[in-house]
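Notes follow the structure.
Side-chain atoms are counted along with the backbone in the values below, which use heavy atoms only and exclude waters and symmetry mates.
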Amino acid sequence: MQTPASMPHRLRTTRLVLDGWSDGDADWYADLVGERSAAAARRGEPPTPRTAGRPDHDAAATSVLSLAGTIGTALPLYPVRLAATGSPLGYCGLVVGRSTPEEPELAYEFLEAAHGHGHATEAATAVVAAARAIGYERLWATIRAWNAPSFRVAARLGFVHDPAATTAHPEPDDGRGAQTWNRLDL
């Protein structure tokens with residue numbers, strides 16, 4: 001299978017809008033990275049470049065600029081906002097990650113205040129539907145063993161644990177927990 005040409009520039013659900021990044025997204029993105037870093041520290045994980053603390057404004061702005069370049073490609077990572085207010089909640093989209101451009105990973109991460117409201121499932125459902133519509137045949141979700149909420153989101157979307165893929169892609173124990181591969185055949 002060849003990588004599809006591009007995903008839509010904008011997705012909309014009943015409550016959410018997934019579209020482009022703007023300069024104003026740097027502060028909430030920095031907050032999200034800060035929350036990720038604090039959660040990793042609470043779990044006793046060693047710091048990584050993704051969990052080294054809240055980035056300063058310039059570093060966050062650089063990340064947002066890079067993320068903006070994914071919109072309109074086959075592998076977009078959309079900011080997710082409440083449709084009614086425009087308030088940012090997190091991000092959701094497709095990435096190569098540990099997979100391939102032909103069978104990318106579904107990625108999502110939300111600010112802690114947005115947890116428990118179904119936003120991740122709603123946003124991910126829209127991304128999966130768009131991926132199916134443009135011709136992707138399979139998506140992956142790699143999830144750490146401790147991340148029960150992400151497993152629940154993946155299960156709601158129809159992802160199933162793939163022991164063969166998990167075994168075929170071993171990762172050294174770096175103190176962050178076992179990584180499992182979950183597959184969604186579209």
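Here the CD-NE2 distance, from E122 to H117, works out to 12.5 Å after rounding to the nearest 0.5 Å. Considering OG of S99 and CG of L75, their distance stands at 10.0 Å, rounded to 0.5 Å. Note: C92 SG to E109 CD = 11.5 Å, rounded to the nearest 0.5 Å. Between E103 atom CD and R183 atom CZ the span is 9.5 Å, to the nearest 0.5 Å. How far CG of L18 is from CE of M7: 9.0 Å, rounded to the nearest 0.5 Å. Atom CG in L32 sits 9.0 Å away from atom CD in E112 (nearest 0.5 Å).
A ring-ring contact (aromatic ring centres under 6.0 Å, His included) check over residues 60-115, counting only residues at least two apart or in different chains, returns nothing. Listed by first then second residue, pairs satisfying ring-ring contact (aromatic ring centres under 6.0 Å, His included) with a partner in residues 9-45 read W21-W28, not counting sequence neighbours.
In the hydrophobic cluster analysis, where Ile, Leu, Val, Met, Phe, Trp and Tyr join through side-chain heavy atoms closer than 4.5 angstrom, V33 is grouped apart from L65. Linking ILVMFWY residues whenever their side-chain heavy atoms come closer than 4.5 Å, directly or via other members, leaves L186 and W181 in distinct clusters. Both L106 and V96 sit in one connected hydrophobic cluster of ILVMFWY residues. Membership requires side-chain heavy atoms under 4.5 Å apart, directly or through other members.
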Step by step, work out the side-chain contact (heavy atoms from CB on, under 4.5 Å) result for I143 and Q179. CA-CA 6 Å; I143 303 171; Q179 186 79 24; 5.5 Å; no

Determine, step by step, whether L94 and E105 satisfy the side-chain contact (heavy atoms from CB on, under 4.5 Å) criterion, reporting the C-alpha distance in whole Å, the side-chain angles of both residues, the deciding distance to 0.1 Å, and the verdict. CA-CA 6 Å; L94 301 177; E105 287 191 57; over 6 Å; no

Please lay out, stage by stage, how L111 and E35 fare under the test side-chain contact (heavy atoms from CB on, under 4.5 Å). CA-CA 7 Å; L111 292 161; E35 289 178 2; 3.8 Å; yes

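Shown here for A130 and L11, the closest heavy-atom pair between the two residues is CB-CD2, 3.8 Å. A pairwise comparison of heavy atoms in V153 and A120 identifies CG2-CB, 4.1 Å as the closest pair. Taking all atoms of both residues into account, the shortest heavy-atom contact from A165 to D162 is N-OD1, 2.8 Å. Heavy-atom minimum distance, A123 versus L16: N-CD1, 3.7 Å. In terms of heavy-atom proximity, A59 sits nearest to P55 at CB-CB, 3.9 Å. A pairwise comparison of heavy atoms in H161 and T166 identifies CE1-OG1, 3.4 Å as the closest pair.
Between the side chain of T121 and the backbone N or O of G118, no donor-acceptor pair lies under 3.5 Å. The backbone N or O of S22 sits less than 3.5 Å from a side-chain atom of D25, completing a donor-acceptor pair. No donor-acceptor distance shorter than 3.5 angstrom exists from the side chain of N182 to the backbone of T142, with no hydrogens or angles considered. A distance-only check finds no donor-acceptor pair linking the side chain of Y136 to the backbone of P104 [under 3.5 Å]. No side-chain donor-acceptor contact under 3.5 Å links T73 to the backbone of S6.
Under the 4.5 Å side-chain criterion, counting only non-hydrogen atoms from C-beta, V64 is not in contact with D23. At a threshold of 4.5 Å between non-hydrogen side-chain atoms, the residues R81 and L89 do not count as touching.
For the pairing with L139, the side-chain contact (heavy atoms from CB on, under 4.5 Å) check across D185, V127, V128 returns one residue only, V128.
With side-chain heavy atoms closer than 4.5 Å counting as contact, directly or through intermediates, V17 stands alone and belongs to no larger hydrophobic cluster.
Cation-pi contact between R98 and W140: absent, since separation from the ring centre below 6.0 Å together with deviation from the ring axis within 45° is not met.
Taking 4.0 Å as the cut-off between side-chain N and carboxylate O, R12 and D19 do not count as a salt-bridged pair.
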